[in-house]
A.B. asks: 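Please see the structure below; I have some questions.
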Amino acid sequence: MLRLEDVTVRFGGLVALKDVSFAMGAGEILGLVGPNGAGKTTLFNTISGLVRPRSGNILFEEREIGGMALHARARLGLGRTFQIPQPMHHLTVRENLTVAQVFGAGKSDPARIDEILQVMELAEHAERDAATELALQELKRLEIAKALATNPRLLLLDEVLAGLESQAKRRFIAKLRELHQRYGLTIVIVEHDIETISTLCSRAVVLNFGQVIADGAPDDVFRNPAVVESYTGTADA
Amino acid sequence: MVVKNLPGILLALAACLIPLVYGGNGYIMGLMVSGLIVAGVALAWALLGNLGGMVSFGHAAFFGVGAYASALLSAKAGLPVPLSLLAGGAVAALSSLAMLPALRLSGPYFALAILAYAHIFKILATELSWLTGGSAGFARFPVLPTIAGIDFSSRIGSYWLLVVMVGLCLLAYRAVKASHVGTALRAMAESEDATRVVGVNATLLKAWMLLLSAFITGLFGAMNAHIINFLEPDYAFSGTWSVLPIIAAIFGGYRTILGPVAGAVAIYLFDQLVAKAILPVGHQIILGVLLAGMILIAPNGLFGLFGKKKTGAAHAAA
Amino acid sequence: MTRRNFLTSTLIAGFAASFAWSPVASAEEIQVGSHMPLTGSLARSGQSFREGMLVAVKMYNDSQTKHQIKVTLIDDETQPAKAVGAVEKLASDGAVAILGGYGSNIVGPASDTANRLGKVYITAGAVSEELVQRGNKNFFRINNNAGYLRGFEGMVEELKAQSVSIVASTREAPMLLAKGLEESLAKKNVKVTLHPFDPAITDFKPIINKVKLQDKSEIIFMSAYENDYVGIIRAAKVLKPGVKLISGAWSLAIPKMYQDFPDLMQNVVGTTPLPYPVDMKDAEGQAFVAAFKTMFNKDIDYAATLSFVKTMVLCEALGRAADAGTLKTGGLADEVRKTKRSSVLGPIAFNETGDNPNFTLAMGQHREGKIVLVSPAEQATGKIAYPGLPW
Amino acid sequence: MLELSQQAIFSGLLVGSVYALVALGIALTFGAMKIINLAHGELVLLAAYMAYFIESRTGWNPYAAIPLAFAITAVVSIAVYLLIDRIKLHRELNSLILTFAIGIILTNGILLVFASDVRSTNSPVLQDALSFHTVYAMKGELTAFVVSLAVMSALWWWLKLSWYGRAVRAVSSNRDAAMLMGIDPRRVELAAFLVAGILASVAGVALFTMSVVQPALGPALTVKAFVVTVLAGVGSIPGVFCAALLLGVTEAMTVTLASSALQELVGMVLFLLVLFFMPNGLFGARARRG
């Protein structure tokens, strides 16, 4: 599904990602973890096309996409959310989804939009102005809904669960499982909560200082001393 | 529905009434014709500004290219004038392809890059004298024809033709704005990354808007050429064709569809009938004051204020 | 005052109106329209045109009692669309003929419109060849490119100069003259080098240096406008090319240039119909100078003289057509075509295209604030300073 | 040909120095505020007409007009700043249109007061020719070159060493951070406009002494200055100076080697090429891509 080979990203003199490599198969839910500043969002930006890698390959369904434009990757079936929600300004919630569908999926299917609105519990907000009239959690759901509207096969979720209290979080995890099933998605999720990763993901990849320091089943990964050190080290700092 | 379309209906009504009242007055009709030419360019300018999010200081480039293309095609290739007008628009659109690299530039740089193109085109028109007649000008090309008994080269004839053309361009603008493309462009103005990440090819859509804007501008440039029937580079690429539409669109409200058109006619008549009477020399100073005042007090234009109060329809004006 | 009246009256230059509304009761009033660039880039010429025209109309009206001519003038702002609008308005208000404006790109469409409306159009400010190739039977002009060309050409022949460098603005009229000279002087085996320049440039040293080092010509001819003349002569003053004369076209041999730039103008030669101080040999010319002085309290200039002659020619044709009763039946064009008279600009007669093939200008040289006619020999009021340079 | 090229390079350098003075005013306000002042050319023109006013009234050397010219350009420049400061929405583009409108007002104001006649200095001293071996110049041009160099050095030194210079740089790199450091960005921006006014006054007087001025000249000056700032890449005074000289020399060489009718074309094409392919300009460090 997705394969990264020695991806390196620099901002000026700063190395944000160094030789990042991993691969994932269709249908996987992969947890991407690491302390703040480890390069998780940069990795998402690199995969989705906001940031160009200095070197290395990014293959999506065995196709090199490292040089492709942002919008072209979206059309291939690569959806993502932003950690800080970025609704399309001056558009209603429904228009947000319509634009995503028309341009991302290349078709207009109002029934499916309604379905996504239902699934993401946004139906009652459909006609509101997305940028100014939604609460934060609604905006986060809109982020996912927009990505879904583009008919993705791979979905990159950036801290969509942050800020939820535990019951809501459990419900949301169930929701993500449902989406995974219903739309046959492959998911990469950035999440700080180890428990969430353990329950949701079949696999975890840990980044620290822009490098992959562990990759495997969540329970194994979180017992890895290097991972523990990176976390506690950061926590102490 | 009627209330929402009220400004449009009023404008259409006014357009029909003017020839009834002033039809016999060649001078007023001449001013109206010139005003409508500016209106067409202002519409095209506002389309690029509002939908494409790009301010241009060089629409004279398209105006001049359209004018020369139509004049040359009708005179040298024998193309009938109605077709050469469209060809003028098409060639102007084609010329805008040369500006595609400018789409990557941010606002002010785009605005001034287009100005550079206008300069370059003007110099080319001067230098390619074997084709354009150079600075000596080019006069012998056909006027607007008589079709089905209507002499379009007469003031009244050209007036109606222009009213119809402006009307069609307005409808085209409205259709684009209401389409998915229009929605995406609206989003792009302030959330470009969010829009691109769902699959919108921002550069392509902007390019289409530039093309459309260039086409409309070229079309009106061609119309003007066949009405005036004399071209020289200084006139065809004159800065006036870049400046007046900006003033008109800002005055009328470039975020609205009708604003630039109403603004153009109003500004042109005001300048010619009132400003010129007050200040025979340098009356453009009044336009300058007006433009500065509009930007400071009501950047969305008079029509923008009016439209907002009337319909409450919202966010296009942000 | 109704709105329309207000608008109309504000558009009519007040001066013209004051003449228009003092008709002699018994006389037949003939309405004539005019558009001129009172504002915009050609405003200076336009203002002079207006003055020359007003003097001619006054002199004609005073000279006889049968006809009174009334002129309505509209400012075309140096813009073609406005000139076209003006012609339409004037025609619809009853003008039988149009006294035209300045600049080929403005006169072209305006005279087309006049032709379509069946009105005679006469001008003295449009030199493009295109204008007389249109087959427009109602179009007449006093001056043309060929006239300027002959003026300079004649001088080159008299001076027996072998080489000329032409420094020409790429604007319409200057380029037309430059191209014409390049061709005609080449036929006379004079070595010509043309240096076209964009009107936006201000530093002429690189061009003059080419003249100095490559062309090594005897004469520099500037086909341009006032601001260019200043830049070119200044560059020449600095580089001091080995030429013997600096010359140019319109608006150069005029007193104002010497008043504004005395250090640059000494010995510079330009086309002009008249010496300065003005010295008229014929009665009409003397009357013109006197009337001009009375009305505007200043000396006549070149553009005013052109305008005066064209207006006089039209007034006389109008009088003849009115006498013959053909004014309303399209006889005016024929009467203009029959014109055969002398004038302060030399003989005037029109050919079938409406051009005045006799038009030739003299060359005048700036000398200590005076302008001395130095060519052609038969009109000369003094001997040319040659070599003669501003430095 | 060698001699021709020598003169072209020399003339180009002299003209370029005045381009640099004009461009620096635009670069300075852009640096401080991210705003392109399209009325800057008119500001320069205003100063030139002050020089004409003084010279024609008193017969003094036009450089004596600098205090008066500065007083006027400073007032106008500050007025421009205060007006721009009122714009809250879409500041980048709206300020562009606003300063453009101010340019129209100034051009026509100058036209109303001074009429459309062409003006230039009549001072015999400034018009005198000077020669160095095979190259020639008017004394006025050399004076302008020296004055321009002096003003730019002074400005460079001032920006480098003074508290204000550091503040300007801080504000232009990060407005919010500068505020945290206790710098009032508005004061800094105001200072930038004031200094731009000084530059315009000197540039205007220099222009009057070496070239010809007329009311319609303003926009051409602005465009030329903008071309220089793009070539330079916003950032440094030496960069602007080099870019201006480069433009001047390129233009003069075009006239010499090809046709002067192509001079403007070459400038514009150079402008676009740098804009498209060298987003940081020839000497600068900041991007301008959207």
A.B. asks: So which part of C:T170 gets closer than 4.5 Å to some heavy atom of chain B, the side chain, the backbone, both or neither?
C.D. replies: both
A.B. asks: With a 4.5 Å heavy-atom cut-off (strictly below), which parts of residues 144-155 of chain B touch chain C? List them by number.
C.D. replies: B:S153, B:R155
A.B. asks: Applying a criterion of heavy atom separation less than 4.5 Å, what residues of residues 218-236 of chain B form contacts with chain C?
C.D. replies: B:I228, B:N229, B:F230, B:E232, B:D234, B:Y235
A.B. asks: For C:N105, is it the side chain, the backbone, both or neither that has a heavy atom under 4.5 Å from a heavy atom of chain B?
C.D. replies: both
A.B. asks: Would you indicate whether the side-chain heavy atoms of C:Q133 and B:R140 approach each other to under 4.5 Å?
C.D. replies: yes
A.B. asks: Has C:K179 got more than 12 heavy atoms of other residues, nucleotides or ligands less than 6.0 Å from its NZ?
C.D. replies: no
A.B. asks: Measure the OG1-CZ distance between B:T126 and C:R171 for me, rounded to the nearest 0.5 Å.
C.D. replies: 10.0 Å
A.B. asks: State the CE-NZ distance between B:M29 and C:K89, to the nearest 0.5 angstrom.
C.D. replies: 14.0 Å
A.B. asks: How long is the gap from NE2 on B:H283 to CG on C:D75, to the nearest 0.5 Å?
C.D. replies: 7.0 Å
